[in-house]
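Accompanying notes for the structure given below.
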There are 2 protein chains.
Amino acid sequence: MTDIEKHQRMANAIRFLAIDAVEKAKSGHPGLPMGAADIATVLFTQFLKFDPTAPDWSDRDRFVLSAGHGSMLLYSLLYLLGYEDFTLDEIKNFRQLGSRTAGHPEYGHGAGIETTTGPLGQGLGNAVGMAIAERLQEERFGKDLVDHYTYVLAGDGCLMEGISQEALTLAGHLKLNKLIVIWDDNGISIDGKVEITDSTDQQARFAASGWNTLSVDGHDPEALAAVIRQAQASDRPTLIAAKTTIGFGAPTKAGSQKAHGSPLGAEEIVGTRDALNWPHEPFDIPSDVLDAWRIAGLRSAHAHKDWQKRFADADAETRAEFDRRYRGDLPATFTQAILDYKKKLADEQPTMATRKASEAVLNVINEVVPETIGGSADLTGSNNTKTPQTVPVTPDDFSGRYIHYGIREHGMAAAMNGMALHGGLIPYSGGFLIFSDYCRPSIRLAALMGQRVIHVMTHDSIGLGEDGPTHQPVEHFAALRAIPNLTFYRPADITETLECWQLSLEDRSGPSVLALTRQNLPSQRKNFEEDNLCAKGAYVLIDCEDSAAVTIFASGSEVEIAVDAHKELTEEGIATRVVSVPSFELFESQSDDYKADIIGDSAVKIAVEAGIRMGWDRFVGNDGLFIGMNGFGASAPYKELYEHFGITKDAVVSAAKEKLAT
Amino acid sequence: MTDIEKHQRMANAIRFLAIDAVEKAKSGHPGLPMGAADIATVLFTQFLKFDPTAPDWSDRDRFVLSAGHGSMLLYSLLYLLGYEDFTLDEIKNFRQLGSRTAGHPEYGHGAGIETTTGPLGQGLGNAVGMAIAERLQEERFGKDLVDHYTYVLAGDGCLMEGISQEALTLAGHLKLNKLIVIWDDNGISIDGKVEITDSTDQQARFAASGWNTLSVDGHDPEALAAVIRQAQASDRPTLIAAKTTIGFGAPTKAGSQKAHGSPLGAEEIVGTRDALNWPHEPFDIPSDVLDAWRIAGLRSAHAHKDWQKRFADADAETRAEFDRRYRGDLPATFTQAILDYKKKLADEQPTMATRKASEAVLNVINEVVPETIGGSADLTGSNNTKTPQTVPVTPDDFSGRYIHYGIREHGMAAAMNGMALHGGLIPYSGGFLIFSDYCRPSIRLAALMGQRVIHVMTHDSIGLGEDGPTHQPVEHFAALRAIPNLTFYRPADITETLECWQLSLEDRSGPSVLALTRQNLPSQRKNFEEDNLCAKGAYVLIDCEDSAAVTIFASGSEVEIAVDAHKELTEEGIATRVVSVPSFELFESQSDDYKADIIGDSAVKIAVEAGIRMGWDRFVGNDGLFIGMNGFGASAPYKELYEHFGITKDAVVSAAKEKLAT
């Protein structure tokens with residue numbers, strides 16, 4: 001068997017596993033695996049550094065299938081290379097309930113999947129974050145321990161999505177030379193030829209942002225190897241435009257959208273077997289081909305051993321710190337630092353905006369947690385995400401801890417996902433809450449993947465004032481609370497801000513959003529409490545001696561209004577209590593008894609929040625009172641806006657009394 | 001006064017109105033108006049076709065301030081040119097409650113504002129839509145009636161946002177040669193110099209997608225005029241990179257982020273008056289300068305008269321049709337066509353996916369409503385948005401009615417906003433519901449602006465099956481229902497699909513989203529009803545003779561489950577009724593009596609929807625039952641997923657009986 005024959009048979013193994021799995025599932029995308037099989041074969045047999053027996057080896061090269069619909073390409077590779085999570089049975093169970101081989105690659109379904117992809121462009125954005133993480137970690141632990149590439153296979157769709165521009169411009173600016181993007185340039189999208197919708201010269205586009213660009217015949221293994229070698233040697237990130245034929249080998253469907261997203265069908269498959277000289281039964285991989293793949297699976301075993309030796313040679317402190325960060329444990333000193341600061345706050349009772357409170361808290365956190373990587377989408381001074389510990393990263397110096405992400409919310413959030421997935425780092429961002437809409441797809445994927453990324457989102461309501469309705473979140477609390485496995489926090493003062501930060505950092509199972517104010521807020525927590533009260537999601541901030549006639553529920557800046565209303569109602573002899581609700585999600589995870597107790601049985605229940613009502617019926621019932629927003633905000637100084645929209649102490653007091661009187 | 005002196009004094013009038021208004025408001029962005037005043041002066045005094053006395057003249061040139069934070073540039077222009085909505089008092093009331101001069105330009109606050117901007121990149125996306133609309137309308141009504149340019153002033157932030165890539169690639173592909181984007185290239189963003197976050201050669205980037213690119217000193221009026229003339233003559237869209245100094249004229253803050261987003265301060269203003277030789281009181285525009293501007297305001301009066309003459313010369317039918325479409329009225333035949341089709345459906349009772357139902361309905365609509373412009377973000381065959389009437393638009397032929405938007409959900413939605421704002425057209429899109437997240441900022445702006453754009457969003461739940469959780473909406477119903485002034489529809493069968501389409505088209509006051517299934521659904525509406533039942537938002541689909549012990553509320557595909565459960569419960573002697581809930585928003589707008597009647601007082605209330613619970617407490621109360629999703633979906637054939645997640649008839653029946661027994 002000549003080298004080229006061997007290559008072709010190995011590539012065909014990918015093709016037919018994809019064809020057969022899609023056919024069996026009666027669903028899926030055979031076109032990409034068939035078209036990109038040559039690329040994948042060259043990459044995985046000659047370049048990629050990985051160890052199927054240790055899929056989580058921290059210094060492995062990362063491979064991101066940004067065009068996630070081609071999932072069978074990845075599953076085929078993982079099976080052929082000997083990753084134990086991906087057996088032939090899993091391949092046969094493609095797209096079935098409970099299988100590891102979901103319709104799109106799902107992070108966590110099996111070791112070997114680096115990130116969840118499918119929503120186009122996200123993988124590219126993740127990969128930029130992974131490549132940033134590699135540079136950051138290399139700077140911290142040295143090339144002996146951290147020195148790997150990040151490869152991406154991206155489709156036309158990935159490059160058409162706007163997120164791709166944010167990702168590639170960030171990568172180009174930061175000169176992420178170990179990021180290599182292979183574009184599966186098959187010229188086909190679902191509606192037909194790409195040329196019916198786009199006329200972009202992608203190489204020129206990438207070059208305009210400082211990328212090295214190369215092109216190649218995506219079916220020529222020698223040429224592919226040559227360009228990947230060139231890419232590895234570049235001092236800039238590289239785009240390889242690999243011209244391919246979608247559905248390569250299919251007699252009537254190759255080169256057409258018909259090969260993209262549905263089974264080829266029995267007749268076409270017969271023709272494909274014929275055309276590619278693959279006279280084997282479905283799912284049958286000849287032993288010589290499987291052997292060749294399994295041998296390829298061993299190719300980095302030596303490199304891995306060498307790495308283990310280097311790691312063993314490192315000093316004990318480095319090893320411990322390296323392991324701690326990659327395990328995701330917080331430093332031992334973390335909890336005490338939080339408590340010490342909480343005590344200080346109980347003494348000082350500062351009045352400040354929660355965005356400023358967050359900065360003060362970050363100053364404590366960043367001192368004891370060296371793996372945090374801060375940043376902002378060009379709103380550093382507004383988000384207050386930068387502290388003295390976090391010096392900016394520059395293209396030539398990754399020793400810093402702060403990333404000026406530019407006006408790229410979506411690219412930022414996707415990169416943060418990649419940094420978290422890479423391991424060893426805890427990324428946090430800065431942005432305006434309104435622009436959570438710009439990065440929602442990436443936030444959702446962080447939640448789906450259970451990644452610890454923390455989004456600081458300031459200017460969280462009409463309280464931002466004059467910038468007006470385009471910048472005032474109204475529906476965003478509800479819209480973010482709606483995302484499963486995302487914890488949305490809206491702290492009411494600096495102590496709650498501290499507690500919410502603590503919870504965000506301690507939660508390794510998913511992302512957090514901290515919604516913070518532009519405007520000043522007084523301290524509400526009068527006494528030092530060792531317990532993290534925000535951990536309950538909702539708690540009684542002010543109780544009353546008698547059974548409460550009125551309970552006021554509020555979050556964030558509106559807790560101040562609730563407290564003021566409580567004072568007035570109490571003075572009028574109406575027994576009232578105040579419940580602070582920093583997080584709906586944490587509240588829901590409490591015991592039924594706790595929840596019933598918090599909700600209570602007051603005759604009057606009022607929720608106060610400068611957003612829409614959606615979600616608050618959980619607390620006040622659908623006959624309860626709600627003081628908040630019914631529509632978009634307006635442009636004016638913020639105190640006038642609160643008056644204008646009737647979100648005031650007086651409104652709460654009147655509503656309560658009116659309801660009590662009925 | 002020489003020409004250059006005159007120019008400078010006119011430009012300085014813009015600068016000082018901006019400076020003074022921001023100073024008075026103690027809030028705002030002086031830097032852009034100061035930097036871009038020369039560009040605006042050249043554009044508005046020499047090129048822009050407009051008539052302040054008829055701001056809505058359909059053939060005016062459109063000017064979009066994509067960098068909306070520079071709103072005082074626009075307000076100053078509108079005041080100086082004599083737009084009556086923008087008086088000096090309005091300028092003095094900048095950013096105050098109830099003023100027309102909001103923090104960012106708000107469409108509808110005053111005639112002369114073409115679109116709401118502020119969220120960066122959106123204006124550029126709108127402008128692409130406006131330029132598409134111009135070409136479409138020119139093709140329909142001829143150059144005599146439609147022949148205008150679309151100008152955009154965009155900042156660095158606009159060009160960094162991903163949406164800009166979607167917008168510019170679409171414009172480049174479609175060869176929108178009457179779109180002229182002037183990039184205010186001041187090299188400054190909030191965090192500092194743009195070069196700390198980006199290294200993109202913007203001209204090369206635009207050129208890579210087929211744009212004409214020019215560069216110019218943005219403070220040189222003659223050079224500016226020359227490049228705008230070149231741009232007008234191009235056969236491609238043009239990017240003019242205009243090098244400017246942010247905060248031009250400010251002695252210490254010019255050229256720095258300090259000039260960007262806050263008042264200059266008294267001392268700096270004194271220095272600026274000095275530097276620019278503007279010894280006038282705040283808000284005082286010398287009469288010669290104001291006169292010069294007011295004369296500029298008259299510059300297209302003649303062109304407008306000529307246009308009126310040409311319009312008067314057109315045949316009566318053309319005039320009537322032109323006016324109808326720009327008024328936004330539907331054709332007189334519309335209602336009957338809908339009713340005729342509804343009768344047919346009552347006879348035929350077809351079973352089909354609501355995405356297919358939508359296609360069938362569109363076939364009726366597109367036949368009688370010639371101003372609809374369909375499209376899809378590369379999912380035409382899946383969204384079923386193309387009918388025989390809608391031939392694709394190509395770069396060389398705008399006679400068609402269908403736009404292959406490519407994989408650009410965000411660019412699509414922003415362009416649709418621009419098309420609707422332009423007037424004369426009703427744009428509708430196609431996409432997967434999951435990707436509403438990708439275009440949410442534009443959907444929100446359509447809602448804020450009250451624009452009639454209609455989003456067809458298919459594959460609306462776990463019912464899409466094998467593609468898995470990355471493609472399965474779970475929280476999206478709630479997240480879209482949360483957006484104010486957006487109507488979210490989830491029809492249960494073809495008749496409801498027809499009714500929801502009718503409502504979407506008849507609603508001129510805001511956008512609509514139609515969430516449609518991939519999977520088949522039976523007809524639920526058994527009898528022909530002339531009334532549009534979906535107009536009530538929720539209605540009794542199946543009543544019971546006795547007082548209902550159980551009410552089942554459901555939307556979309558889960559209405560079938562509700563109906564099946566109703567059958568079984570009824571057979572067991574449990575009086576049950578079914579309420580179909582195609583739209584929460586329309587339900588909320590009904591009378592209190594109607595709402596109370598629909599919600600009723602059954603002992604058991606159950607909501608069934610293949611999404612999260614959020615929002616349903618409104619119907620069932622916080623002690624009511626909910627059968628739906630608690631988290632993300634999974635990859636499997638859809639019937640298995642419904643079983644797996646327990647969204648079944650049996651689950652509804654069991655839950656109802658269990659609750660009845662307590």
Tell me, out of A:Thr169, A:Val620, A:Asp201, A:Leu97, who's got the most heavy-atom pairs with chain B below 4.5 Å. A:Leu97
Okay, B:Ala447 and chain A: the region with an atom under 4.5 Å from a heavy atom over there is both
B:Leu174, part contacting chain A, at a heavy-atom distance under 4.5 Å: neither
For residues B:Ala636 and A:Gln96, report the shortest heavy-atom separation together with the two atoms involved. CB-C, 4.2 Å
Looking at B:Met629, B:Gln257, B:His476, which has the largest count of heavy-atom pairs under 4.5 Å with chain A? B:His476
Return the CD1 to NE2 distance between B:Ile163 and A:His410, rounded to the nearest 0.5 Å. 12.0 Å
Looking at B:Thr380, is its backbone amide N or carbonyl O close enough to the side chain of A:Asp191 to form a donor-acceptor pair, meaning the two atoms are under 3.5 Å apart? yes
If every non-hydrogen atom of A:Leu448 is compared with every non-hydrogen atom of B:Pro469, which pair is closest and at what distance? CD1-CB, 3.9 Å
Less than 4.5 Å to any heavy atom of chain A: does that hold for the side chain of B:Ile599, its backbone, both, or neither? neither
So which of B:Ser209, B:Pro441, B:Gly157 has the biggest tally of heavy-atom pairs under 4.5 Å with chain A? B:Pro441
Under 4.5 Å from any heavy atom of chain A, what part of B:Arg444 do you find: side chain, backbone, both or neither? both
Atom pair OG1 (B:Thr470) and NE2 (A:His69), whose distance is rounded to the nearest 0.5 Å: 11.5 Å
Can you tell which part of B:Leu641 gets under 4.5 Å to a heavy atom of chain A, answering side chain, backbone, both or neither? side chain
For the backbone of A:Thr200 and the side chain of B:His173, can you confirm whether one donor and one acceptor N or O come within less than 3.5 Å of each other? no
Part of B:Phe584 lying under 4.5 Å from any heavy atom of chain A: neither
Using heavy-atom distances under 4.5 Å, tell me whether A:Ile612 contacts chain B through its side chain, its backbone, both, or neither. side chain
Okay, B:Ser189 and chain A: the region with an atom under 4.5 Å from a heavy atom over there is both
For B:Tyr438 and A:Gly162, indicate whether the former's side chain and the latter's backbone hold a donor-acceptor pair under 3.5 Å. no
Of the backbone (N, CA, C, O) and the side chain (C-beta and beyond), which part of B:Gln202 lies under 4.5 Å from a heavy atom of chain A, both, or neither? neither
Is a side-chain N or O of A:Ser635 found less than 3.5 angstrom from the main chain of B:Gly103, in a donor-acceptor match? yes
Got a donor-acceptor contact below 3.5 angstrom from the A:Arg408 side chain to the B:Thr197 backbone? yes
Where on B:Thr117 is there a heavy atom nearer than 4.5 Å to chain A: the side chain, the backbone, both, or neither? backbone
Using every non-hydrogen atom in the two residues, find where B:Ala204 and A:Ala208 come nearest and quote the distance to one decimal. CB-CB, 3.7 Å
Identify which of A:Gly210, A:Gly381, A:Pro637 forms the greatest number of heavy-atom pairs closer than 4.5 Å to chain B. A:Pro637
Is a side-chain N or O of B:Asn622 found less than 3.5 angstrom from the main chain of A:Asp617, in a donor-acceptor match? yes
Report which part of B:Ala102 has an atom under 4.5 Å of a heavy atom belonging to chain A: side chain, backbone, both, or neither. both
At a heavy-atom separation under 4.5 Å, does B:Glu588 approach chain A through its side chain, its backbone, both, or neither? neither
